[in-house]
Engineer: 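Handing you a structure now.
Bear in mind the structure is a predicted one, so any value in this text is a computation, not a measurement.
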Amino acid sequence: MAEPPTANRRTPAHGRRRGAVARGGPFPQAGTAPRGGAASRIAAGGAALGALVGTALVTLAVVAGPGPGLTGYVSEAGVADSGYAWTYRIGVFALATALLLLATALHPGGGWRGGADQGGRGVWRGNALWRGDNGLRIAAVLLVAGGMATFLSGAVTCSAGCPLPPFERATVADLVHGAASVAATAAVVLAMIVIALAPAAGRTLRRVAAVAMVLALPLAGAVGLAMLFVGRGSLVGVLERLLLAVAAGWGLATATSRCAARDTRLPPSSG
């Protein structure tokens, strides 16, 4: 008896493909999806440069300016009557630009990945948050939010002493500046956590984020509690500077690692 035509026979590969669709795939495996290549490295290099320049200018304004030293907030270097106000503000804008460039360097492109329909198109599923490179997309969104909040904190300066409730009477500008500064720092710390948990970030970026996260989380909690129960003083001043140093160091290390990476493709992922 003659065998059926070859076109009507199911090959093992065809069966595997249908099985992948039934289980929620197929998707490009992490390790084959391009990550932006040269453009991503350029963005990472710009982020590293912005972090260096911004940190240097803000440090100069804080150290050389007429501020209260370790007993005050870093933002006091940017008050209008300070001789280093524009040095501080330019440094803050440079840091904001660095966050936006870092978001560009880390974003893998494409849309959200969850499951797939029968045509193989990706669809979102609530239990697939970390599938593929979704974690990098979340981190990029957080860094964009942090960058925009940093721009706002530099554009809206606080009054002398940067007063904040509940211990001091604050102006509208003080409240806007303080809220933007807190939001920017929170977004960066959350981005650390997301990258530390994202399989697609790769071993190096995850380790850098994990170390920064371990340092930043207790500092962020301590700053929040000190601002709420102690108020402006040496304790808040020292804790705030340590937290900002960790955030700046993480941004610089992440941007440098991304810029120096030889492989521009996503690392292997079990997600």
Side-chain angles (χ1 to χ4, degrees), residues 44 47-63 67 69-78 88 91-103 105-106 135-136 138-140 142-151 153-154 162 178 180-198 201-228 230 232-259:
L49 179 61
L52 280 174
V53 172
T55 302
L57 290 177
V58 170
T59 301
L60 174 63
V62 171
V63 173
L70 294 178
T71 62
Y73 298 112
V74 170
S75 298
E76 293 185 47
Y88 171 84
V92 171
F93 293 148
L95 290 172
T97 304
L99 290 176
L100 297 178
L101 289 173
L102 185 57
L106 292 177
L136 291 175
I138 297 173
L142 287 169
L143 289 174
V144 169
M148 298 305 295
T150 303
F151 268 118
S153 71
C162 291
S181 300
V182 170
T185 305
V188 172
V189 173
L190 287 174
M192 296 176 189
I193 298 173
V194 170
I195 292 178
L197 298 176
R203 183 176 302 174
T204 300
L205 293 185
R206 292 182 68 186
R207 285 181 176 176
V208 171
V211 171
M213 176 185 70
V214 169
L215 295 174
L217 282 178
L219 285 172
V223 169
L225 292 175
M227 291 177 66
L228 184 60
V230 179
R232 179 176 178 271
S234 300
L235 178 61
V236 174
V238 172
L239 291 174
E240 181 196 31
R241 283 158 177 77
L242 290 175
L243 177 58
L244 294 177
V246 171
W250 170 77
L252 178 60
T254 302
T256 303
S257 298
R258 182 66 191 93
C259 184

Engineer: Minimum heavy-atom separation for G135 and A198, please, with both atom names.
Structural biologist: CA-CB, 3.9 Å

Engineer: With side chains defined as the heavy atoms from C-beta onward, is the minimum distance between V211 and R207 less than 4.5 Å?
Structural biologist: no

Engineer: Of all heavy-atom pairs between V208 and A253, which one has the smallest distance, and what is that distance?
Structural biologist: CG1-CB, 3.9 Å

Engineer: Within this structure, what is the CD1-CG distance for the pair I193 and L142, rounded to the nearest 0.5 Å?
Structural biologist: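 One gets 9.5 Å once the value is rounded to the nearest 0.5 Å.
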
Engineer: Which value, rounded to the nearest 0.5 Å, describes the distance between E240 atom CD and L219 atom CG?
Structural biologist: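 Nearest 0.5 Å value for the CD-CG distance: 11.5 Å.
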
Engineer: Could you report the tightest heavy-atom contact between V62 and R241, atom names first, then the distance?
Structural biologist: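 Minimum heavy-atom contact is CG1-NH2, 3.9 Å.
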
Engineer: Report the distance from atom CG of L143 to atom CG of L136, rounding to the nearest 0.5 Å.
Structural biologist: 10.5 Å

Engineer: Looking only at atom types and distance, does a side-chain atom of R258 sit under 3.5 Å from a main-chain N or O of T254, one as donor and one as acceptor?
Structural biologist: no

Engineer: Rounded to the nearest 0.5 Å, how far does CG of L100 lie from CE of M148?
Structural biologist: 7.0 Å

Engineer: Quick check for you: to the nearest 0.5 Å, what is the distance between L205 atom CG and L106 atom CG?
Structural biologist: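 Reported value, rounded in 0.5 Å steps: 6.5 Å.
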
Engineer: Do you know which of L60, L57, V74 makes side-chain contact (heavy atoms from CB on, under 4.5 Å) with Y88?
Structural biologist: V74

Engineer: Do you know the tightest heavy-atom contact between T55 and A51?
Structural biologist: OG1-O, 2.7 Å

Engineer: With a 4.5 Å heavy-atom cut-off, do W250 and V188 have their side chains touching?
Structural biologist: yes

Engineer: Taking the side chain as everything from C-beta on, heavy atoms only, tell me whether V236 gets closer than 4.5 Å to R232.
Structural biologist: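 Counting from C-beta outward, V236 and R232 never come under 4.5 Å.
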
Engineer: Can you sort out the partners of S153 under side-chain hydrogen bond (donor to acceptor under 3.5 Å, both in side chains), two or more places apart, ordered by chain and number?
Structural biologist: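 side-chain hydrogen bond (donor to acceptor under 3.5 Å, both in side chains) list for S153, sorted by chain: empty.
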
Engineer: Enter the distance from L49:CG to C259:SG here, rounded to the nearest 0.5 Å.
Structural biologist: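 Answer rounded to 0.5 Å: 10.5 Å.
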
Engineer: For A216, which residues count as a side-chain contact (heavy atoms from CB on, under 4.5 Å) partner, sequence neighbours excluded?
Structural biologist: V189, M192, L243, V246

Engineer: State, to 0.1 Å, how close P218 and V214 come at their nearest heavy-atom pair, and which atoms those are.
Structural biologist: CD-O, 3.0 Å

Engineer: Please give me the minimum heavy-atom distance between A48 and L252, naming the atom from each residue.
Structural biologist: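 Taking every non-hydrogen atom into account, O-CD1, 3.6 Å.
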
